[in-house]
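The structure appears below as structure tokens.
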Amino acid sequence: MPLPRRFAAIADIHGNSDALSAVLARIDAMEIELVVNLGDMFSGPLAAGETWEILRARPMPTVRGNHDRYLISQTPEEMGASDRAAHDDLPPEALDWLRELPVTLEMDEAFLCHATPGADDRYWLHDVDAGGMVHPAGAEQIARHLEGVPQPLVLCAHTHLPRVVSWQRHCVVNPGSVGCPGYTDIHPVPHVVETGTPHACFAVLETEGAAWHVAHHHVPYDPSRMAQRARSQGRAGWAEALTTGWISREAANPIGQTAGG
């Protein structure tokens, strides 16, 4: 599929339908026609069913994320709390749609994946050290995952942290998270990922000659309804992340399962 000169990338909605609506409204106001979706659409104690209704009405190239995979590969009893909440709120046709999604997608000169080309649950543009500190990944880790990827533009997600990396002839972009600005995890060691802002994030990519120009956008919206939904399910960590972009160290895991979005 050919890419237009200008398009938008979204990722890691995690059932936050209000953030998704705000992002899509901003994209429409910018008169951007194509949006690509890098996965993890539903998992969370928010509004998975509403998110599905928005996405089904607006078809876009989409890859499946790790939490999308959990929703179709595990029984409800095996799921973490966030995946189970989403599963219980989704109609069967949404799960059927997830089963049909690719894990990677090649579009003209762009390669799309959720986390890395070889795994949907591995950090790429960020890393976690032995002490649990999250930091930008170095050139060696970034280059290793680019082996065998011929496209010059690579789009990934999963960490919820926006970043752009140039490596030789590649431009690797994480658009950040639409709907989940913070989470904790225990793999590879316990750590916290937080953006420091409650705003919904997406990226706009525009080509000029052989180069891609990337702009990250942070969209203010009212997170109170989503935060209340999280609190009603006993997920105080989710509510804190949604309203502040930060997570107190005693808060419960906002995502409630494995690494990243």
Side-chain angles (χ1 to χ4, degrees), residues 11-16 19 38-46 65-70 74 79-86 113-145 155-165 172-201 216 218 223 226-227 230 233-261:
D12 293 296
I13 303 164
H14 283 283
N16 191 334
L38 303 179
D40 274 9
M41 280 76 75
F42 304 123
S43 289
L46 304 180
N66 60 311
H67 280 275
D68 302 323
R69 172 169 57 85
Y70 303 150
Q74 298 177 339
M79 294 177 183
S82 292
D83 299 323
R84 179 61 187 268
C113 62
H114 177 69
T116 67
D120 64 9
D121 58 358
R122 182 178 300 166
Y123 288 1
W124 191 351
L125 301 188
H126 289 82
D127 204 356
V128 183
D129 64 25
M133 296 299 296
V134 179
H135 54 82
E140 182 178 347
Q141 174 174 321
I142 292 168
R144 181 171 65 251
H145 294 301
L155 302 177
C156 65
H158 188 54
T159 64
H160 299 201
L161 297 172
R163 192 181 181 199
V164 180
V165 169
V172 189
V173 180
N174 186 325
S177 174
V178 168
C180 181
Y183 63 88
T184 63
D185 193 16
I186 60 172
H187 300 293
V189 296
H191 64 277
V192 176
V193 174
E194 48 200 356
T195 63
T197 174
H199 296 170
C201 192
H216 286 99
H218 298 263
M226 294 293 104
Q233 296 199 42
R235 307 299 298 281
W238 265 92
E240 181 180 19
L242 289 167
T243 55
T244 69
W246 301 93
I247 302 172
S248 58
R249 295 310 180 260
E250 66 271 14
N253 185 347
I255 289 182
Q257 199 164 323
T258 57

Query raised in the report: Is a donor on one side and an acceptor on the other found under 3.5 Å between the side chain of Trp124 and the backbone of Ile142?
Result: yes
Query raised in the report: What heavy-atom pair brings Met79 and Tyr70 nearest, and what distance separates the two atoms?
Result: CE-O, 3.7 Å
Query - Taking every non-hydrogen atom, the tightest pair across His191 and Gly132 - result: CB-O, 3.3 Å
Report task. Could you tell me whether the side chain of Asp127 and the main chain of His135 form a donor-acceptor pair under 3.5 Å? Result -> no
Query raised in the report: Under 4.5 Å between any side-chain heavy atoms of Cys156 and His145, yes or no?
Result: no
Query raised in the report: Can you list the residues that meet the salt bridge (charged side-chain N to carboxylate O under 4.0 Å, His left out) rule with Arg122, with sequence neighbours excluded?
Result: none
Query raised in the report: Is a donor on one side and an acceptor on the other found under 3.5 Å between the side chain of Thr195 and the backbone of Pro181?
Result: yes
Requested in this report: Return the minimal non-hydrogen interatomic distance between Gly245 and Glu194, and the atom names on each side.
Outcome: O-CB, 3.4 Å
Query - Partners meeting side-chain hydrogen bond (donor to acceptor under 3.5 Å, both in side chains) with Arg163 (sequence neighbours left out) - result: none
Query raised in the report: Counting only N and O atoms by type, is there a donor-acceptor contact under 3.5 Å from the side chain of Asp68 to the main-chain atoms of Met41?
Result: yes
Report task. Identify, with sequence neighbours excluded, every residue that meets side-chain contact (heavy atoms from CB on, under 4.5 Å) alongside Ala11. Result -> Leu38, Ala157, Pro175
Query raised in the report: Side-chain contact, heavy-atom cut-off 4.5 Å: Thr159 with Val134?
Result: no
Query raised in the report: So do the side chains of Val193 and Leu161 get within less than 4.5 Å of each other, counting heavy atoms only?
Result: yes
Query raised in the report: Mind checking what makes ring pair (Phe, Tyr, Trp, His ring centres under 6.0 Å) contact with His199, not counting sequence neighbours?
Result: none
Report task. Could you tell me whether a side-chain N or O of His14 sits under 3.5 Å from a main-chain N or O of Asp12, the two making a donor and an acceptor? Result -> no
Query raised in the report: Got a sec, which residues hit side-chain contact (heavy atoms from CB on, under 4.5 Å) with Pro190, two or more places apart in sequence or on another chain?
Result: none
Query raised in the report: Where the side chain of His216 meets the backbone of Asn174, is there a donor-acceptor pair that is under 3.5 Å apart?
Result: yes
**Report entry** Distance (rounded to the nearest 0.5 Å) between Gln74 CD and Asp83 CG
**Finding:** 6.5 Å
Query raised in the report: Could you state the interatomic distance from CG (Asp121) to NE2 (His114), rounded to the nearest 0.5 Å?
Result: 8.5 Å
Report task. Kindly write out the residues that satisfy side-chain contact (heavy atoms from CB on, under 4.5 Å) with Ala85, not counting sequence neighbours, or none if the list is empty. Result -> Gln233
Query - Residue pair Glu240 / Ser248, side-chain heavy-atom distance below 4.5 Å - result: yes
Report summary line: Taken to the nearest 0.5 Å, the spacing of Tyr183 OH from Ser82 OG works out to 13.0 Å
Query raised in the report: Can you list the steps and then say if Val128 with Val189 is a side chain to side chain contact (heavy atoms under 4.5 Å, CB included)?
Result: CA-CA 8 Å; Val128 183; Val189 296; 3.8 Å; yes
Report task. Could you tell me whether the side chain of Leu242 reaches within less than 4.5 Å of the side chain of Leu46, counting heavy atoms only? Result -> yes
